[in-house]
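Have a look at the structure below before the remarks.
All ligand and atom numbering here is 1-based and tracks the order in the structure. Excluded from the calculations below are hydrogen atoms, water molecules and symmetry mates; all remaining heavy atoms, backbone and side chain alike, are included.
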Amino acid sequence: MSDPMRPRAALRTAVVWEVLQDALERRVRATGRQALDILDTGGGSGNFAVPLARLGHRVTVVDPSPNALFALERRAAEEGVADRVRGVQGDAHGLFDVAERGGYDVVLCHGVLEYVDDPAEGVRNAVAALRPEGVLSLLASGLGGAVLARALAGHFTEARQALDDPNGRWGTGDPMPRRFTAEQLTALVEGAGLRIGAVHGVRVFADLVPGVLVDTEPGALDALLRLEAAAAELAAFHSVATQLHVLGETREARGA
Ligand SMILES: C[S@@+](CC[C@H](N)C(=O)[O-])C[C@H]1O[C@@H](n2cnc3c(N)ncnc32)[C@H](O)[C@@H]1O
């Protein structure tokens with residue numbers, strides 16, 4: 001799946017799309033179904049849900065924000081996939097008030113664990129929404145990336161504060177409620193009963209390089225995308241990535 005978003009935005013999402021593409025293709029082959037059932041918890045206005053529906057999958061988005069769901073509905077209609085995208089108001093903790101337990105081939109939980117009251121419960125619920133053969137795509141803010149970014153911006157005290165803070169926050173002005181290490185995320189996924197399929201660092205360099213370099217140097221964007229893809233796989237870079245992506249697989253899916 002090439003990144004279905006605009007080129008500059010691809011820097012934020014290319015690695016995740018690449019991993020998702022492989023996981024979806026494997027699920028399609030294993031199930032023999034072209035259209036998978038996907039749950040996007042905290043899916044917001046459909047950054048992932050709408051492109052996934054464009055690939056032919058059926059996507060249920062659960063999100064507490066009426067504004068996000070309104071934007072999702074409009075976007076799905078504009079992209080001609082309204083029949084394959086269902087938005088419902090709800091949250092990760094009361095997930096089964098609005099979503100089917102054990103009803104989905106793939107569950108996305110992207111940029112949500114940072115905000116939920118209890119991340120372990122959020123992951124457990126996401127996993128409980130999977131069919132016996134299913135895949136969890138978990139994306140969350142990385143601690144090390146934030147520390148590095150604050151330090152490179154000259155905010156050394158804030159960088160240190162983020163390192164010491166149990167939630168990885170650099171101060172009261174930090175808009176992010178919580179950040180994670182790769183070890184914390186994989187522990188949450190394994191604690192919910194899945195095997196780790198892969199861990200990737202997302203936006204290792206993209207947020208650190210001046211935008212002007214990427215926008216004006218010929219070929220720079222493509223070269224940076226290739227560099228991000230190469231670094232994403234290497235554990236050495238996980239500790240400094242802005243976000244971390246973890247693919248979790250049920251044991252049955254792993255065997256398929
Ligand atoms: C950073 S946005 C991510 C949106 C989308 N997943 C994406 O990757 O583009 C965070 C989303 O989480 C939603 N959210 C916040 N608290 C939540 C909760 N307790 N359960 C589910 N979603 C929540 C917000 O409404 C928002 O749409």
Side-chain angles (χ1 to χ4, degrees), residues 1 3-6 8-21 23-24 38-55 57 59-76 79 81 85-101 104 106-130 135-142 145-146 167-169 174-180 185 188 192 200-203 206-207 241-248:
M1 182 189 341
D3 193 304
M5 303 181 188
R6 285 170 292 117
R8 192 74 169 76
L11 272 178
R12 291 199 301 276
T13 54
V15 166
V16 179
W17 275 113
E18 206 56 44
V19 178
L20 258 184
Q21 170 188 14
L24 292 170
I38 300 176
L39 175 67
D40 191 354
T41 71
S45 58
N47 286 338
F48 285 88
V50 170
L52 287 170
R54 272 175 36 202
L55 292 173
H57 303 298
V59 190
T60 300
V61 172
V62 174
D63 200 286
S65 161
N67 288 344
L69 291 171
F70 180 72
L72 169 74
E73 199 178 316
R74 199 177 46 201
R75 200 161 161 184
E79 303 266 349
V81 293
V85 175
R86 189 171 74 96
V88 281
Q89 194 169 5
D91 72 31
H93 297 298
L95 192 59
F96 300 115
D97 295 342
V98 292
E100 191 187 338
R101 191 183 285 274
Y104 304 90
V106 178
V107 174
L108 270 59
C109 184
H110 289 182
V112 180
L113 277 199
E114 298 90 325
Y115 301 96
V116 300
D117 294 335
D118 180 348
E121 191 199 13
V123 174
R124 277 198 305 274
N125 282 350
V127 170
L130 287 171
V135 170
L136 171 72
S137 174
L138 178 64
L139 180 68
S141 297
N167 290 319
R169 302 184 72 221
D174 188 343
M176 191 60 73
R178 201 182 285 115
R179 295 186 178 85
F180 301 87
L185 289 178
L188 287 173
H200 286 85
V202 180
R203 290 155 54 192
D207 297 350
T242 302
Q243 289 177 304
L244 294 158
H245 183 259
V246 178
L247 199 72

Distance, nearest 0.5 Å, that separates [atom1] of [X] from [atom2] of [Y]:
X    : Y    : atom1 : atom2 : answer
L244 : L185 : CG    : CG    : 6.0 Å
T41  : N125 : OG1   : CG    : 9.0 Å
L69  : R74  : CG    : CZ    : 12.5 Å
D207 : Q243 : CG    : CD    : 8.0 Å

[atom]: nearest protein contact (heavy atom, Å):
atom                    : value
atom 20 (N) of ligand 1 : A92 N, 2.9 Å
atom 26 (C) of ligand 1 : D63 OD2, 3.6 Å
atom 2 (S) of ligand 1  : G111 O, 4.0 Å
atom 4 (C) of ligand 1  : G42 O, 3.4 Å
atom 17 (C) of ligand 1 : P64 CG, 3.7 Å

Please tell me if the side chains of [X] and [Y] come closer than 4.5 Å, counting only heavy atoms from C-beta onward.
X    : Y    : result
F48  : S137 : no
H110 : T13  : no
L52  : W17  : yes

State the atoms of ligand 1, each with its element, that fall below the 4.0 Å cut-off from a heavy-atom position in [X].
X    : value
V112 : 12 (O), 21 (C), 22 (N), 23 (C)
F48  : 8 (O)
G44  : 27 (O)
N47  : 9 (O)
V116 : 18 (C), 19 (N)
D91  : 18 (C), 19 (N), 20 (N), 21 (C)

Is there at least one pair of N or O atoms, one from [X] and one from ligand 1, spaced under 3.5 Å apart?
X    : result
S65  : no
H110 : yes
A68  : no

Describe, in one word, how the ring planes of H200 and H245 are oriented to each other, choosing from parallel (under 30°), tilted (30 to 60°) and perpendicular (over 60°). tilted
Side chain, backbone, both or neither: S45 near ligand 1, heavy atoms under 4.0 Å: neither
If only atom types and distance count, is the side chain of N167 paired as donor or acceptor with the main-chain N or O of R169 below 3.5 Å? no
Look only at the side chain of R101 and the backbone of L95, and say whether a donor-acceptor pair between them is shorter than 3.5 Å. no
